Protein chains: 2
Amino acid sequence: MTVLNARTRPTQADVAQLADVSPSTVSYLLSGNESRKRSFPEETRKRVEDAAAELGYVVNHRARALRRQRSEIIGVAYVPPVTPWFDAFSARALRHFAERDYSLVQIPFESDTAESVQRALARGYLDALIANCDDQDNEKMLAYATDSNVPVTIFSDTIVTDAADVVREFQREAVIDAVRYLADSGRRRIVFLDYEAPHGSPHVNLRKRGYLDGMRAADLSSRVVTCADNRQATYDQVLRLLAEDEAPDALISFSDRGAVSAIWAAGHAGIRVPDDLAVIGCGNTAEGRSTVPELTSLGIPEGDFAAIFDHVLERIDDPAVPCTTLSLPWTRFVRASS
Amino acid sequence: MTVLNARTRPTQADVAQLADVSPSTVSYLLSGNESRKRSFPEETRKRVEDAAAELGYVVNHRARALRRQRSEIIGVAYVPPVTPWFDAFSARALRHFAERDYSLVQIPFESDTAESVQRALARGYLDALIANCDDQDNEKMLAYATDSNVPVTIFSDTIVTDAADVVREFQREAVIDAVRYLADSGRRRIVFLDYEAPHGSPHVNLRKRGYLDGMRAADLSSRVVTCADNRQATYDQVLRLLAEDEAPDALISFSDRGAVSAIWAAGHAGIRVPDDLAVIGCGNTAEGRSTVPELTSLGIPEGDFAAIFDHVLERIDDPAVPCTTLSLPWTRFVRASS
DNA sequence: TTGTAAGCGTTATCAG
DNA sequence: CTGATAACGCTTACAA
């Protein structure tokens, strides 16, 4: 004998009572699969739907999650501050999963502990996790994945594992290709703008690697300038660089952000882009599109995330589906700056 | 008669069996309150803890959420792209709530529909929601809040409601104060750099309002320059502005971002900041700290979010706690640029 | 000090 | 076509 609590949301039992059917009928009609639904007469279905509408019934997610062993929540983990790329990625994920009735949540975490991700995975309120972080953190993700049994997807060009789906971007190869592209168009003094890794993380800098390999292949002598992680500082450094006797005729930047600063610096040094100086960034972010001239950039092609998302859903549906390695090679988006 | 599924995580029943106690004992010991725990002899507790460790038991969040009617997940909703301010805010929230055993998730949503927030609230997997958006979206949040019964907190200087906690930032008053500050230090030609609202949203621009009111109070004639939402464009506009005959001797920008572009423009026009031109931004973001000279900015003081977070927790613990209006007035952070 | 048992709201099996 | 009924894993009176 339960007194109906006014503060509490209506349950299927309430709907059943009002529609004068059994709770299981309500369950079938309100959240069963389509074919099962069709086995009910139109009249019953309407009665139930009306009753639900009248009471403002909406399914209790907690109960459903327990019973179905599925929360219909997918998480994307990242280390703040958010990058424009990650922003775009989440937006695509949000839409893709929403169409399939999944919620998407972002889990920001601190790189040293990754505590919030660990908590999320241990508590098990996620059906899957997509992590966008460096290899150091990726290793943690793999560990959490194995002892929480939650399907995890990571982005890494180097890690080999069967504990998680891995997305390969082939960053190194993309930069090699960019160097070749510049060399082919006659550039000789190509300089790489690098950034110090945050927190002295020891992860491999594949973009720099690609630059060095590319330069060696083109038989050009390489030069790396390490910039401070700060627009103004980058700007100043590029300004000095361009004032040198043997000034570069092309720049490849670790990030679009650095490349944008370089374009500004060139502009104010009276150096024409791309005529006197070609500039290429990495990331293919929105920021690069709003400079004058527009920035050529290397990055993940838009529109190809679907394969990743779908594989995540497959793994949720059937845990026996094996982890795979997905290829999502960076593309060269040639715009006005090169 | 259930066969223990190998893929399934151990339950309290498994722990109980191994430790040779009843399931409720395990529950009390592993997730009961402290005083209850102390009523068990050390020996039992140790047996249970050892068994749990051996099996790698971790509480099933879905079952607990159903039973406790509480998910211990708090959401912060926002419209991408993320702002530096929101980044900082989430980081503080993450830490504050984590210390109290709550998870924090971010819910990005699209401003026109707010569908993902609606879904999250309807499904009820959040114990509370903090939304950071403009008044247009805030109205939606209020509607969702009332029909989902989830405690919601919004940021608004104008909305009056008892359906949600409201945080007042007093942006208008802060800008009035900034104008007075500039006027007192002898500035006369103070210009406001404004931005067009995205998607033509009709929300009140309290910063501009404050500027206009402040100028009137100081008996100065006002001038608003509306910039495109784009660093380069702002830069160019400020450059033109500074080349005028009656060039401004002070700028107040709607955002730190715009103020930073202004500082750069001044630098390249050979105009000294702050001697010839004072610059003040809004938001007190990290970006402003990395310019030369450092940017004076208006914004929420760091370290005062605790009151907001604690009130959220109070409302979770007791739904009868009434909604309040919290004051978190913007402060003037005077640095080198003014 | 510990165990029994009744739920939390939903889904799925199975019988009618 | 519909309705009992038994879980899902955990919490918490209440009983022993």
Side-chain angles (χ1 to χ4, degrees), chain A residues 1-5 7-17 19-33 35-48 52 55 57-72 122-125 127 149, chain B residues 1-5 7-17 19-48 51-52 55 57-72 122-125 127 149:
Chain A
M1 187 192 306
T2 315
V3 176
L4 213 72
N5 183 339
R7 289 208 68 85
T8 241
R9 310 193 318 186
T11 72
Q12 286 187 356
D14 298 329
V15 177
Q17 199 178 340
D20 198 28
V21 294
S22 81
S24 42
T25 301
V26 175
S27 177
Y28 281 126
L29 249 18
L30 259 31
S31 22
N33 57 43
S35 67
R36 194 69 171 78
K37 270 183 207 169
R38 265 190 292 277
S39 74
F40 286 83
E42 189 54 40
E43 197 272 333
T44 311
R45 161 196 250 161
K46 180 146 180 21
R47 240 188 21 252
V48 169
L55 295 175
Y57 169 80
V58 15
V59 65
N60 181 316
H61 185 258
R62 292 164 189 179
R64 168 180 283 183
L66 175 62
R67 176 63 231 216
R68 291 227 261 227
Q69 307 282 47
R70 183 161 308 180
S71 65
E72 293 177 305
R123 288 195 175 175
Y125 60 80
D127 284 346
N149 253 316
Chain B
M1 189 190 305
T2 316
V3 177
L4 212 73
N5 183 337
R7 287 208 69 85
T8 240
R9 309 192 321 186
T11 71
Q12 286 187 355
D14 299 329
V15 176
Q17 200 179 338
D20 198 29
V21 293
S22 82
S24 54
T25 302
V26 174
S27 177
Y28 282 127
L29 248 18
L30 259 30
S31 21
N33 57 45
E34 282 308 313
S35 67
R36 194 68 171 79
K37 271 183 207 166
R38 265 192 289 280
S39 75
F40 287 83
E42 190 54 40
E43 198 271 333
T44 311
R45 161 196 250 160
K46 180 149 180 18
R47 250 202 355 267
V48 169
L55 295 175
Y57 170 80
V58 14
V59 65
N60 180 316
H61 186 256
R62 291 162 190 181
R64 168 180 284 183
L66 175 59
R67 178 61 232 219
R68 291 226 258 226
Q69 306 281 52
R70 182 162 308 180
S71 65
E72 292 177 307
R123 288 195 174 176
Y125 60 78
D127 283 347
N149 251 318

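We name chains A, B, ... by the order of the sequence lines, and we start the count at 1 in each one. Remember, predicted model here, so these are calculated numbers, not experimental data.
For B:Arg47, the salt bridge (charged side-chain N to carboxylate O under 4.0 Å, His left out) criterion is met by B:Glu43, not counting sequence neighbours. Under the rule for a side chain to side chain contact (heavy atoms under 4.5 Å, CB included), the partners of A:Ser24 that lie at least two apart in sequence or sit in another chain are A:Ser22. Scanning for side chain to side chain contact (heavy atoms under 4.5 Å, CB included) contacts around A:Asn60 gives A:Arg62, A:Ala63, with sequence neighbours left out. Partners of B:Lys46 by side chain to side chain contact (heavy atoms under 4.5 Å, CB included), not counting sequence neighbours, listed by chain and number: B:Asp50. Residues satisfying the side-chain hydrogen bond (donor to acceptor under 3.5 Å, both in side chains) criterion with A:Arg67, sequence neighbours excluded, are absent altogether. Judged as a side chain to side chain contact (heavy atoms under 4.5 Å, CB included), and not counting sequence neighbours, the contacts of B:Glu72 are A:Arg123, B:Arg64, B:Arg68, B:Arg70, B:Tyr102, B:Asp127. With sequence neighbours excluded, no residue satisfies side-chain hydrogen bond (donor to acceptor under 3.5 Å, both in side chains) with A:Tyr28.
We find that CD of B:Glu42 is positioned 12 Å from P of C:dT1, with the value rounded to whole Å. With rounding to whole Å, A:Leu55 atom CG is found 14 Å from C:dG9 atom P. When rounded to the nearest whole Å, the span between CD of A:Gln17 and C1' of C:dG9 equals 15 Å. For the pair B:Arg70 CZ and C:dG9 C1', the computed distance is 18 Å after rounding to whole Å. Taking atom CG of residue B:Asp20 and atom C1' of nucleotide C:dT1, one finds them 15 Å apart after rounding to whole Å. Straight-line distance from the CG atom of A:Leu29 to the C1' atom of D:dG3: 14 Å, rounded to whole Å. Following rounding to the nearest Å, B:Arg62 (CZ) and C:dT10 (P) show an atom-to-atom distance of 17 Å. One atom, CG of A:Leu30, and another, C1' of C:dA12, lie 16 Å apart when rounded to the nearest Å.
In terms of phosphate contacts, A:Thr44 brings a side-chain nitrogen or oxygen within less than 4.0 Å of OP1 or OP2 of D:dT2. Between D:dA7 and A:Gln69, no contact under 4.0 Å exists linking OP1 or OP2 to a side-chain N or O.
Rounded to 10 degrees, the angle separating the terminal helix axes of the helix from C:dT1-D:dA16 to C:dG16-D:dC1, each built from five base pairs, is 40°.
Separation of atoms CG (B:Leu29) and CZ (B:Phe40) is listed at 5.5 Å; rounding is to 0.5 Å.
Listed for the B:Ser71 side chain is no donor-acceptor partner under 3.5 Å among the backbone atoms of B:Ala65.
Both B:Phe40 and A:Leu66 lie near DNA chain C, and the one whose nearest nucleotide falls closer to the 5' end is B:Phe40.
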Below 3.5 Å is the cut-off: list the nitrogen or oxygen pairs between protein and nucleotides 10-14 of chain D, distance only.
unit_1, atom_1, unit_2, atom_2, d
D:dC10, OP1, B:Tyr57, OH, 2.6
D:dC10, OP1, B:Asn60, N, 3.2
D:dC10, OP2, B:Gln12, N, 2.7
D:dT11, OP1, B:Arg64, NE, 2.7
D:dT11, OP1, B:Arg64, NH2, 3.0
D:dT11, OP2, B:Gln12, NE2, 2.8
D:dT11, OP2, B:Ser27, OG, 3.1
D:dT11, OP2, B:Ser31, OG, 3.0
D:dT11, O2, B:Arg67, NH1, 2.8
D:dA13, N7, B:Tyr28, OH, 3.2
D:dA13, N6, B:Tyr28, OH, 3.3

